[in-house]
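Following: one structure in structure tokens, then a few remarks.
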Amino acid sequence: MSSQRVVLVTGGNRGIGRAIAERFVRDGYRVAVTARSGEGPEGTLTVRADVTDAAALDAAFTEVEQQLGPVEIVVANAGITKDTLLLRMSEDDFDSVVATNLGGTFRVVKRASKGMLRARFGRVILISSVVGLYGSAGQVNYSASKSALVGFARSLTRELGGRGITANVVAPGFIETDMTAELPEETQKQYKASIPAGRFATPDEVAGVVTWLASDESGYISGAVIPVDGGLGMGH
Ligand SMILES: NC(=O)c1ccc[n+]([C@@H]2O[C@H](COP(=O)([O-])OP(=O)(O)OC[C@H]3O[C@@H](n4cnc5c(N)ncnc54)[C@H](OP(=O)(O)O)[C@@H]3O)[C@@H](O)[C@H]2O)c1
């Protein structure tokens with residue numbers, strides 16, 4: 001049964017990743033989360049890992065495999081922003097965002113793919129952002145790291161699509177988490193005015209799309225970019 005499958009969500013201790021892990025638990029999956037700090041929600045196995053550290057990730061995967069079994073569904077969710085205008089953006093602002101958002105996805109998916117190939121089943125779900133294809137002033141680093149996930153998922157689809165493995169991108173718009181809470185109130189107001197839905201989304205609205213992509217119903221969807229953005233990025 002699909003709901004018995006093993007899921008790993010990176011950055012499952014808070015925000016969107018936590019909501020995704022909660023929803024998988026509710027649907028009866030066996031769920032592990034990686035966290036640098038804190039714990040995943042009730043009913044999950046928390047393993048420690050920084051996604052910029054391949055050795056730590058490998059150890060985390062081994063622990064999940066020993067306790068729950070091979071990872072069949074992986075959600076690459078861990079991500080950061082370091083917003084500033086291009087002229088002020090330091091090498092570190094750029095490199096650290098790319099190393100976490102894009103490099104982290106590479107490390108996690110590479111490690112997960114071993115078990116998926118063996119099982120001839122896998123669901124790879126990458127959490128991008130509306131900003132990846134829409135663009136955003138002050139987010140050259142973040143936007144580049146997030147649009148790269150589209151090429152990643154589509155290349156993976158061509159590479160592993162014949163082995164029962166799908167790879168899709170979920171592109172959230174503005175979601176109520178710590179990441180958006182940091183934005184000044186006036187900026188939040190302006191963003192809401194530009195979103196056709198007129199509001200930000202809850203993390204659970206993203207989680208519902210992720211669990212659907214992981215289900216047997218979506219087995220013929222691969223290389224897709226699914227927006228969860230209230231219409232903000234239409235056409236991009
Ligand atoms: N919020 C939004 O409006 C929005 C919109 C579009 C896309 N997204 C994307 O959705 C994802 C989750 O965002 P969020 O809003 O839930 O963010 P958040 O509340 O800031 O949480 C980020 C998560 O990523 C983890 N993380 C960051 N760097 C990591 C690293 N090097 N290694 C391991 N874990 C790391 C954090 O762990 P710690 O707690 O240890 O820091 C935390 O669990 C991100 O990829 C983000 O880009 C968010």
Side-chain angles (χ1 to χ4, degrees), residues 8-23 31-41 44 46-61 74-83 92-93 95-109 111 125-136 138-139 141-150 152-153 169-183 187-188 191-192 194-195 197 199-207 209-210 225-230 232-233 236:
L8 178 71
V9 183
T10 62
N13 54 312
R14 58 194 175 96
I16 295 172
R18 187 179 182 90
I20 293 169
E22 277 169 354
R23 190 126 184 172
V31 187
V33 307
T34 73
R36 289 184 305 185
S37 56
E39 296 287 323
T44 61
T46 302
V47 289
R48 295 276 158 231
D50 188 310
V51 297
T52 61
D53 180 345
L57 267 177
D58 183 47
F61 264 87
V74 71
V75 184
N77 163 80
I80 56 168
T81 50
K82 283 200 180 166
D83 300 352
D92 181 65
D93 292 335
D95 290 347
S96 57
V97 168
V98 172
T100 304
N101 300 358
L102 177 57
T105 296
F106 160 71
R107 288 175 205 101
V108 169
V109 175
R111 180 59 177 80
I125 300 162
L126 311 181
I127 307 300
S128 176
S129 164
V130 64
V131 157
L133 297 178
Y134 194 68
S136 168
Q139 293 197 300
N141 49 359
Y142 182 74
S143 175
S145 73
K146 292 298 189 180
S147 60
L149 300 182
V150 178
F152 190 109
V169 172
V170 173
F174 289 92
I175 316 298
E176 290 161 355
T177 66
D178 295 345
M179 203 175 257
T180 44
E182 278 173 19
L183 298 168
T187 314
Q188 293 199 26
Y191 285 147
K192 280 177 191 163
S194 66
I195 300 167
R199 63 174 180 89
F200 291 172
T202 65
D204 194 51
E205 288 179 286
V206 179
V209 175
V210 171
V225 180
I226 308 212
V228 188
D229 65 2
L232 177 61
H236 292 272

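Whatever order the structure lists them in is the order used to number ligands and atoms, beginning at 1. Just so it is clear, the structure is predicted and the values come from calculations on it, not from any experiment. Positions are given from 1 along the sequence.
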State the atoms of ligand 1, each with its element, that fall below the 4.0 Å cut-off from a heavy-atom position in Ile80. 27 (C), 28 (N)
Decide yes or no on side chain to side chain donor-acceptor pair (under 3.5 Å) for Asp204 and Thr202, but give the supporting numbers first. CA-CA 5 Å; Asp204 194 51; Thr202 65; 5.5 Å; no
Do Asn77 side-chain atoms and Val9 backbone N/O form a donor-acceptor pair below 3.5 Å? no
Nearest non-hydrogen protein atom, atom 40 (O) of ligand 1: Ser37 OG, 3.0 Å
Strictly distance-based, threshold 3.5 Å: is any side-chain N or O of Thr177 a donor or acceptor partner for the main-chain N or O of Met179? yes
How far is atom 46 (C) of ligand 1 from its nearest protein heavy atom, and which residue and atom name does that atom have? Tyr142 OH, 3.5 Å
Between Thr46 and Gly40, is there a donor-acceptor pair closer than 3.5 Å when you use the side chain of the first and the backbone of the second? yes
Give a yes or no on whether the backbone of Val97 and the side-chain of Thr100 come within a donor-acceptor separation of less than 3.5 Å. no
Considering only heavy atoms of Gly15, which atoms of ligand 1 have at least one such atom less than 4.0 Å away? 16 (O), 19 (O)
Between Thr180 (side chain only) and Ile175 (backbone N and O only), is there a donor and an acceptor less than 3.5 Å apart? yes
Is there a heavy atom of Ala49 sitting under 4.0 angstrom from any atom of ligand 1? yes
Could you identify the single nearest non-hydrogen protein atom to atom 36 (C) of ligand 1 and state the distance to 0.1 Å? Arg14 NH2, 3.9 Å
Under 6.0 Å from the ring centre and within 45 degrees of the ring axis: does the NZ or CZ of Lys192 meet both conditions for the six-membered ring of Phe200? yes
Counting each atom of ligand 1 from 1 as listed, which ones have a heavy atom of Asn13 under 4.0 Å away? 37 (O), 38 (P), 39 (O), 40 (O), 42 (C), 43 (O)
Taking distance alone, no hydrogens or angles, what donor-acceptor pairs closer than 3.5 Å link side-chain atoms of residues 127-136 to residues at least two apart or in another chain?
from, atom 1, to, atom 2, distance (Å)
Ser128, OG, Lys146, O, 3.0
Ser129, OG, Val131, N, 3.0
Ser136, OG, Gln139, OE1, 2.9

Please confirm whether Ala35 approaches ligand 1 to less than 4.0 Å, judged on its heavy atoms. no
Can Arg48 and Glu39 be counted as an ion pair, charged N to O under 4.0 angstrom? yes
Ligand 1 to Phe174, heavy atom cutoff 4.0 Å, flagged ligand atoms 3 (O)
Is it the side chain, the backbone, both or neither of Asn77 that has a heavy atom closer than 4.0 Å to ligand 1? both
Best match, Asp50, Leu126, Ile127, Asp229: closest heavy atom to atom 30 (C) of ligand 1: Asp50
My understanding is that we take every heavy atom of each candidate and find the minimum distance to atom 25 (C) of ligand 1. Doing that for Gly173, Ala78, Ala76, which one comes out nearest? Ala78
With heavy atoms under 4.0 Å as the rule, classify the contact between Arg18 and ligand 1 as side chain, backbone, both or neither. neither
With a 3.5 Å distance limit and no angle check, can you tell me whether Asn13 reaches the backbone of Ser37 through a side-chain donor-acceptor pair? yes
Under 3.5 Å, side chain of Asn101 to main-chain N/O of Ile80, donor-acceptor pair present? yes
Purely on distance, is any nitrogen or oxygen of Val51 under 3.5 Å from one on ligand 1? yes
For atom 41 (O) of ligand 1, grab the closest protein heavy atom and report residue, atom and distance to one decimal in Å. Arg36 NH2, 2.7 Å
Could you identify the single nearest non-hydrogen protein atom to atom 22 (C) of ligand 1 and state the distance to 0.1 Å? Gly79 O, 3.7 Å
Within a distance under 4.0 Å of any heavy atom of Ser128, pick out the atoms of ligand 1 and give their elements. 6 (C), 7 (C), 8 (N), 9 (C)
Quickly, which of Val31, Ile125, Val33, Val210 forms a side chain to side chain contact (heavy atoms under 4.5 Å, CB included) with Ile20? Name it, please. Val210
Report yes or no: does Thr10 contribute a side-chain atom to a donor-acceptor pair with the main-chain N or O of Ala78 at less than 3.5 Å? yes
Which atoms of ligand 1 sit under 4.0 Å from any heavy atom of Lys146? 44 (C), 45 (O), 46 (C), 47 (O)
Which is it for Phe200 and ligand 1 at heavy atoms under 4.0 Å: side chain, backbone, both or neither? neither
I want to confirm something. Looking only at heavy atoms, which of Ile175, Ile16, Thr10, Leu149 is nearest to atom 48 (C) of ligand 1? Ile16
For the side chain of Arg36 and the backbone of Asp50, is there at least one donor-acceptor N/O pair under 3.5 Å apart? no
Heavy atoms only, cut-off 4.0 Å: how does Pro203 contact ligand 1, side chain, backbone, both, or neither? neither
For ligand 1, which atoms, with element, lie under 4.0 Å from some heavy atom of Gly11? 25 (C), 43 (O)
Tell me the protein heavy atom at minimum distance from atom 17 (O) of ligand 1, and give that distance in Å. Met179 CE, 3.8 Å
With nothing but distance in play, are any N or O atoms of Thr177 less than 3.5 Å from an N or O of ligand 1? yes
